[in-house]
*Asks:* 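Below: one structure in structure tokens.
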Amino acid sequence: MALKPVLGKLISKRVVLASASPRRQEILTNVGLRFEVVPSWFKETLEKSSFASPYEYAIETAKQKALEVANRMHVKHLRTPDIVIGADTIVTVDEQILEKPVDKQDAYRMLSRLSGKEHSVFTGVAIIHCSSKDNQLEMEVTDFYEETKVKFSDLSEELLWEYIHSGEPMDKAGGYGIQALGGMLVEYVHGDFLNVVGFPLNHFCKKLVELYYPPPKHSICHIKHDSVPPVDTFENLSDGENESSNFAEHKGANKLDNSRTHPSGPVYNSEDHYCVKTGFMVPLENTAKSLPTILELIDGFRASKALFVACKLKVFDHLKDKGSLNAVDVANEVGASLCGMERLLDACAALGLLEKTPQGYSNTDSANTYLTSDGKYSLHGYIIHSNEHLWPLFTNLEFAVKEGTRQNHRAFGKKTEDLFKDYYHSQEGKQRFMAAMHSIAHLTARDVATAFDLSQFKSACDLGGCTGALAHELVQIYPNLKITVFDLPEVIANTSYFQPSGQCTAPVTFISGDFFKDNLPEVDLYILSRVLHDWPDEKNHTLLSKIAAVCKPGSALLVAEIVLDEQKTHPPRALLQSLTMTEGKQRSGSEYKQLLEKYGFMNVQIKITENLLDALLCFRKSQSL
Ligand SMILES: Cc1cn([C@@H]2O[C@H](COP(=O)(O)OP(=O)(O)OP(=O)(O)O)[C@@H](O)[C@H]2O)c(=O)[nH]c1=O
């Protein structure tokens, strides 16, 4: 299938997936779609009895999820997205709609209803095209649904509970995940498997074909018995010499239907495809589903380096201050050659980081937010660290893989310990390292702080809390919390630069110490953010034993780390990070649980936040170890 023409239509657009579902993100990423994830805040509380059929409920929920995100992004003066995609998956059995279970008992009720029976999985999808006129948001909604039938084997009580205790059912409609352990419960699947997983990719692509490649009038036909238009392949698509394939220009000809995908709607007939043009087309035999991803991976390093250099030269900072500038001005501001700067600016525009107009170049909203050194969620520090520290390490990745050791000696001519000392001894190195840590901590702080309700805790200590970014967020959310940031003296001495302005910083105090050696304060809640993955087992043993010794029964430990899925293949960021780590390691949810339980921390709860860090909360059990 030549997928590129259809997905290629979205390449220059700002596509937003209004979903927190990691499965949806993965399905769309796997086919090379580039999008941002903005989970919807729409509560799934529509009155089910007011819908004539379950799929109408799923479509309406999907639509509301996407509308909420489109409106929120517009109102917050972020750049209005071009396309917002929302989806909702439900399971229906005996005319009942099953969504995500609220607790284990609920999961039990759902799974025992599904046992031995065939049920339907519906995913409703809404694609919203947005535009902004006079600051008014205009939206055109296209929606559709897909149904897949699934049959479960008879499930014994034992198997059912074992499955529930695996934790898998909790964030999934119907209380199962067909893509993982839940697959073992399934006798057959009739229809699109990915629809069950959470996103009907095939139907989605067909819908895009309908929207972006409307048929010439003579090819319109009506079909009778299918909710899916009969476009069997995407290969014979072209931009058409006289046929614009631009969505906006075609709205009239092939008006977006705001209703269900209806059997009698205008659709393609697969035999009537028109005008195959060269250009964007990739011959069928040379193309593969994964080609866009592979090409992106091949070029990924160029994009990263272009971003790093633009940040290092403070291009985004200059553009933020000056508004729109031409290449000559930017080159002069940063002391670069004109021809080099022109190419860099064009590359940044192509990557969607800058806007290019006849007047010059200007920052996109994302660049202002993330890439300037004083942006609201500035990643500048992390980008500079990536350029100066991680890039040289990755250049030596081949040696790291062959030798199984960190490559600091090759990358920097220094052993790891000496390099670390250097960091802390040179003011520049220290600030750079702290700025990198601060970037990530600040960006993730809200999601980590709200992953669990922490209002019961009165005192907390963030061990290795560095600049206090998480601590400051915590005290904003939990005004009764007093929190201590505990870190090495050389870190604490440099925290003042990172303190938030306009916020009362009194409930956050800083203590110097080495958490491997010094006494830890007695508090209700200990926090380890991005610590455990970094150290070898012996060091974690020392640290967790010390926390366990001082932590009173009922007190808790909050851990913020990337939590791998049980197959340890997701999220890719964590696995790529591991490539240059040799002492520590990334862990799955069950591995963290096991580690924490070993030190007497029970009731381990895990929250996958969809941000760069996930969160785990556990409580010190009452009897001593
Ligand atoms: C049947 C089944 C469902 N799911 C997941 O169930 C969630 C449904 O809930 P939702 O309300 O549609 O989505 P969400 O996860 O709450 O995300 P959001 O879009 O933000 O509402 C989605 O995750 C799906 O993948 C699986 O992963 N595997 C399966 O076999």
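Each ligand, and each atom within it, is numbered from 1 in the order the structure gives. Note that the coordinates shown come from a computational prediction; the quantities given were computed from them, not determined experimentally. Numbering starts at 1 and runs along the sequence shown.
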*Asks:* Hey, can you tell me if H119 and F152 have their rings parallel, tilted or perpendicular (30° and 60° cut-offs)?
*Replies:*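 Perpendicular.
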*Asks:* If you count only heavy atoms, which residues are under 4.0 Å from ligand 1?
*Replies:*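 Lining ligand 1: S19, A20, S21, R23, R24, E44, K65, A87, D88, T89, K100, D171, K172, A173, Y176, G177, I178, Q179, V196, V197, G198.
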*Asks:* Does atom CD of E162 have more than 12 heavy-atom neighbours, drawn from other residues, nucleotides or ligands, at distances under 6.0 Å?
*Replies:*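 Not buried by this count: 12 neighbours or fewer within 6.0 Å.
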*Asks:* One thing to verify: whether R14 and E36 come together as a salt bridge, which I'm taking to mean a side-chain N less than 4.0 angstrom from a carboxylate O.
*Replies:*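 So E36 pairs with R14 through a salt bridge.
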*Asks:* Strictly below 4.0 Å, N to O, side chains only: are K151 and E118 in salt-bridge contact?
*Replies:*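 Between E118 and K151 there is no salt bridge, as every charged N stays at least 4.0 Å from the carboxylate O atoms.
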*Asks:* Going by the angle between their ring planes, with limits at 30° and 60°, are F122 and Y55 parallel, tilted or perpendicular?
*Replies:*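 Geometry flag for Y55 against F122: tilted rings.
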*Asks:* List the steps, then state whether side-chain hydrogen bond (donor to acceptor under 3.5 Å, both in side chains) holds for Q64 with E68.
*Replies:* CA-CA 6 Å; Q64 293 305 328; E68 187 279 319; over 6 Å; no
